[in-house]
Amino acid sequence: MAKATFQKPKGTADLLPEQTAQWQHIENIARLLFRDYNFKEIRTPMFENFEVFSRSAGDTSDVVTKEMYDFHDKGDRHIALRPEGTAGVVRAFVENKLYGPEFDKPYKAFYIGPMFRYERPQAGRFRQFHQIGVEAFGSESPALDVEVIAMAIDFFKTLGLENLRVAINTLGDQLSRDQYRQALIDYLRPHATELSQDSQERLDKNPLRVLDSKDPKDQKFVANAPSILDYLSDEATQHWQTVKEMLTALNIDFVIDATMVRGLDYYNDTIFEIMTVDDSLKGAATIAGGGRYSGLVKEFGGPETPGVGFGIGMERLISLLIAQNVAPTIDNTLDFYVVNIGKQTDVVATQIVQAVRSFGYAAERDYLSRSAKAQFKTADRHKSQYVITIGETELYNHVANIKNMSTGQQQTIKLADLYTDLPTIIDSEGDN
RNA sequence: GCGGUAGUGGUGAAGUGGUUAACACACUGGUUUGUGGAUCCAGCAUGCGAGGGUUCGAUCCCCUUCUACCGCCCCA
């Protein structure tokens with residue numbers, strides 16, 4: 001490394017061809033599967049006005065208070081790189097009036113793309129990472145909560161993952177939440193000074209998030225804290241019950257985690273996380289998280305419209321696929337390699353590769369005037385099925401040699417035939 | 001934002017305050033004046049993340065910085 005003046009920004013990654021194949025595999029499966037559920041792809045900007053995120057994720061959320069990748073542009077606009085997908089989709093939903101009568105309800109959309117969070121990189125955590133997410137707007141049906149959860153699980157199963165744990169909880173509706181919030185404050189307030197510094201602040205701003213704390217000082221209080229499940233309104237209870245029943249009806253195993261809160265403030269009713277129990281991803285076990293939210297569309301100026309969705313972390317997903325040995329093997333094999341010997345053959349060699357490619361075969365040639373041996377080695381390394389050799393003698397006679405690399409058989413054919421009948425020549429190879 | 005560990009060629013790595021920085025893989029060439037997977041031979045870091053400092057002299061000591069990995073917080 002003579003002068004490594006340029007390095008990629010902290011927490012980013014270059015995805016090289018060996019890896020992109022893997023990414024494409026996952027994306028392809030997502031697109032195919034989500035289509036089965038009638039979700040359509042939506043693409044929104046990778047950056048938005050800062051307020052789009054601060055208003056939706058919640059002013060007290062960690063994402064907004066310390067992880068926002070934001071800056072002021074040349075027009076002095078306060079811009080933020082999107083830290084998650086929902087806010088932008090909701091903004092687009094409202095801005096494009098997708099709540100209009102001509103659109104399906106629920107309106108189902110999915111997205112695949114990079115997200116940004118300004119934090120210290122570590123296992124399963126990057127400044128630029130990628131999510132596959134879905135959102136469905138316009139129905140309060142618990143069946144939709146369940147469908148979204150089922151789709152995530154379907155996706156992971158299709159990819160071949162095992163040992164997944166689905167945790168669900170409910171945050172109830174506004175009424176339940178308000179009552180619970182008060183109960184929680186009443187419970188925690190007397191112990192306020194014994195809580196961690198962070199949680200003391202949370203107590204005022206967003207007491208539910210105290211439940212999320214991993215600090216041992218807080219944990220002992222969290223353990224005996226009142227449960228949201230005891231404060232659900234009749235309506236919220238009904239919703240919650242139905243979600244559980246439907247999950248059971250679909251044979252989806254789940255655990256109820258009454259202390260699960262989620263990091264974004266906009267959720268209500270059903271929330272869920274899907275994590276691996278695989279040891280390899282200890283610090284980053286959660287590969288998907290999501291839930292229902294009802295105030296967001298209104299917050300962005302649209303009509304009161306409920307939504308439900310999830311986000312899947314692609315980097316974590318890929319680590320898990322690798323850890324569980326279900327990553328697909330990629331095919332980099334060539335069908336043909338064109339060995340050319342001598343300067344004079346340069347033009348024909350180009351004509352030949354192009355002709356071969358025009359038949360739909362993957363083909364490569366040598367551009368470095370290397371020895372025939374070196375070119376064959378390269379062909380071999382690419383596991384090329386056939387090698388076409390063109391030297392000056394062949395050129396003079398208007399022929400080329402085709403060698404089957406697995407049998408070692410080589411035949412001489414006319415260039416004219418190669419250009420018109422290559423597939424036939426290959427097919428009939430064993431016949432004569 | 002805080003803490004821990006690390007940074008030598010394309011890769012995996014050894015190494016020492018002092019003339020030419022092991023070894024292996026990969027790659028290139030040759031052994032076979034135009035034909036692959038084997039053998040053997042040869043070549044392949046004026047450089048030890050970057051910038052300062054100590055020293056007669058530093059890849060090896062000190063400081064700063066950058067980056068990576070891991071942990072805390074939190075999350076995907």
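The basis for the numbers below is simple: all heavy atoms, side chains too, and nothing from hydrogens, waters or symmetry mates. So you know, we letter chains A, B, ... as the sequences are listed, proteins then strands, and number each from 1.
Remark: the A/Thr378 side chain and the A/Arg370 side chain contain an N/O donor-acceptor pair separated by less than 3.5 Å. Side chain to side chain, A/Ser199 and A/Arg202 meet the donor-acceptor criterion of an N or O pair below 3.5 Å. In this model, a donor atom of one side chain and an acceptor atom of the other lie less than 3.5 Å apart for A/Gln182 and A/Asp186. Under the 3.5 Å distance criterion, with hydrogens and angles disregarded, a donor-acceptor pair is assigned to the side chains of A/Asp145 and A/Thr270. Judged purely by distance below 3.5 Å, without hydrogens or angles, the side chains of A/Thr276 and A/Arg165 never pair a donor atom with an acceptor atom. A donor-acceptor contact under 3.5 angstrom links the side chains of A/Gln354 and A/Arg357, judged on distance only. Side-chain contact of A/His78 with A/Asp70: a donor-acceptor pair under 3.5 Å is present, judged by distance alone.
The CD1-P distance, from A/Ile271 to B/rC75, rounds to 10 Å in whole Å. Counting to the nearest Å, the C1' atom of B/rC69 and the CD atom of A/Glu315 are 16 Å from each other. Between A/Met68 atom CE and B/rA76 atom P the separation is 14 Å, expressed in whole Å. To the nearest angstrom, C1' of B/rC75 lies 12 Å from CD of A/Glu84. Going from atom CG of A/Asn340 over to atom P of B/rG36 covers 16 Å, rounded to whole Å. Rounded to an integer number of Å, the gap from CZ of A/Arg381 to C1' of B/rA26 is 9 Å. Atom CG in A/Leu368 sits about 9 Å away from atom P in B/rU28, given to the nearest Å. Distance CZ (A/Phe110) to C1' (B/rA76): 18 Å, rounded to an integer number of Å.
Ring geometry for A/Phe336 versus A/Tyr386: interplanar angle under 30°, hence parallel rather than tilted (30 to 60°). Using cut-offs of 30° and 60° on the angle between ring planes, the pair A/Tyr337 and A/His382 is parallel.
Contact annotation: A/Lys66 side-chain N/O to B/rC74 OP1/OP2 distance is not under 4.0 Å. A close approach under 4.0 Å does occur between a side-chain nitrogen or oxygen of A/Arg262 and OP1 or OP2 of B/rA76. At the phosphate of B/rA68, neither OP1 nor OP2 sits under 4.0 Å from any side-chain N or O atom of A/Arg127. The side chain of A/Arg209 contributes no N or O atom lying less than 4.0 Å from OP1 or OP2 of B/rC73.
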Quiz item: Between A/Glu84 and A/Arg82, is a salt bridge (Lys or Arg N to Asp or Glu O under 4.0 Å) present by the stated rule, with each step listed?
Solution: CA-CA 5 Å; A/Glu84 53 98 31; A/Arg82 63 181 184 196; over 6 Å; no
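Between B/rC75, B/rC73, B/rG29, one nucleotide has an atom nearer to the side chain of A/Arg202 than all others, and that is B/rC73. Picking from B/rA76, B/rG36, B/rU67 the nucleotide with the shortest atom distance to the side chain of A/Gln7 gives B/rU67. Residue A/Ala123 places its side chain closer to B/rC70 than to any other of B/rC75, B/rC70, B/rU28.
To the nearest whole angstrom, the two C1' atoms, one in B/rG71 and one in B/rU46, are 41 Å apart. Taking atom C1' in both B/rU54 and B/rC63, one finds a spacing of 10 Å when rounded to whole Å. Between B/rG43 and B/rA6, the distance separating the two C1' atoms is 32 Å to the nearest Å. Here, B/rC66 and B/rC74 have their C1' atoms 25 Å apart, quoted to the whole Å. B/rA58 and B/rA68 are spaced 25 Å apart, taking the C1' atom of each and rounding to whole Å. Taking atom C1' on both nucleotides, B/rU20 is separated from B/rU59 by 16 Å, rounded to a whole Å. Distance check on atom C1': B/rC60 versus B/rU8 gives 11 Å, rounded to whole Å. Annotation: B/rU31 and B/rG37 have their P atoms spaced 14 Å apart (nearest Å).
A donor-acceptor contact under 3.5 Å is not formed by the side chain of A/Gln375 with the base of B/rU35. If you check distances only, the side chain of A/Arg125 never reaches the base of B/rA76 with a donor-acceptor pair under 3.5 Å.
Using a 4.0 Å heavy-atom distance criterion, A/Gly11 is classed as a sugar-phosphate-only contact. Within 4.0 Å (heavy atoms only), A/Lys8 reaches no atom of the nucleic acid at all. Contact annotation for A/Gly408: base contact, defined as any heavy-atom pair under 4.0 Å involving a base atom. At the heavy-atom level, A/Gly342 lies nowhere under 4.0 Å from the strands shown.
Of the options A/Tyr118, A/Phe53, A/Phe129, a ring pair (Phe, Tyr, Trp, His ring centres under 6.0 Å) to A/Tyr69 is made by A/Tyr118 and by none of the others.
In this structure, A/Arg31 places its CZ atom where more than 12 heavy-atom neighbours from other residues, nucleotides or ligands lie under 6.0 Å away. In A/Tyr367, the OH atom is crowded: over 12 heavy atoms of neighbouring residues, nucleotides or ligands sit closer than 6.0 Å.
Nearest-nucleotide positions on RNA chain B place A/Thr378 closer to the 5' end than the other of A/Gln409 and A/Thr378. When the nearest nucleotides of RNA chain B are assigned to A/Val387 and A/Ala374 by heavy-atom distance, the more 5′-ward of the two goes with A/Ala374.
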Between protein and nucleotides 1-6 of chain B, what N or O pairs are separated by less than 3.5 Å?
unit_1, atom_1, unit_2, atom_2, d
B/rC2, N4, A/Arg120, NH1, 3.2
B/rG3, O6, A/Arg120, NH2, 2.9

Collect all protein-nucleotide pairs involving nucleotides 31-34 of chain B in which both atoms are nitrogen or oxygen and the distance is under 3.5 Å.
unit_1, atom_1, unit_2, atom_2, d
B/rU31, O4, A/Lys373, NZ, 3.2
B/rG34, O6, A/Thr393, N, 3.4
B/rG34, O6, A/Thr393, OG1, 2.2
B/rG34, O6, A/Glu394, OE1, 3.4
B/rG34, N1, A/Glu394, OE1, 2.9
B/rG34, N1, A/Glu394, OE2, 3.1
B/rG34, N2, A/Glu394, OE2, 3.0

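B/rG47 has its base syn relative to the sugar, with a glycosidic angle deviating from 0 by at most 90°.
Taking the six-membered ring for Trp and the full ring otherwise, the centers of A/Phe116 and A/Phe47 sit at least 6.0 Å from each other.
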Quiz prompt | Strand RNA chain B as a dot-bracket string - pairs counted if Watson-Crick or G-U with both distances under 3.5 Å, | where the partner lies in another strand | solution = (((((((..(((.....[....))).((((.........)))).....(((((..]....))))))))))))....
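Using a cut-off of 4.0 Å between Lys/Arg side-chain N and Asp/Glu carboxylate O, A/Glu119 and A/Arg127 are scored as not salt-bridged.
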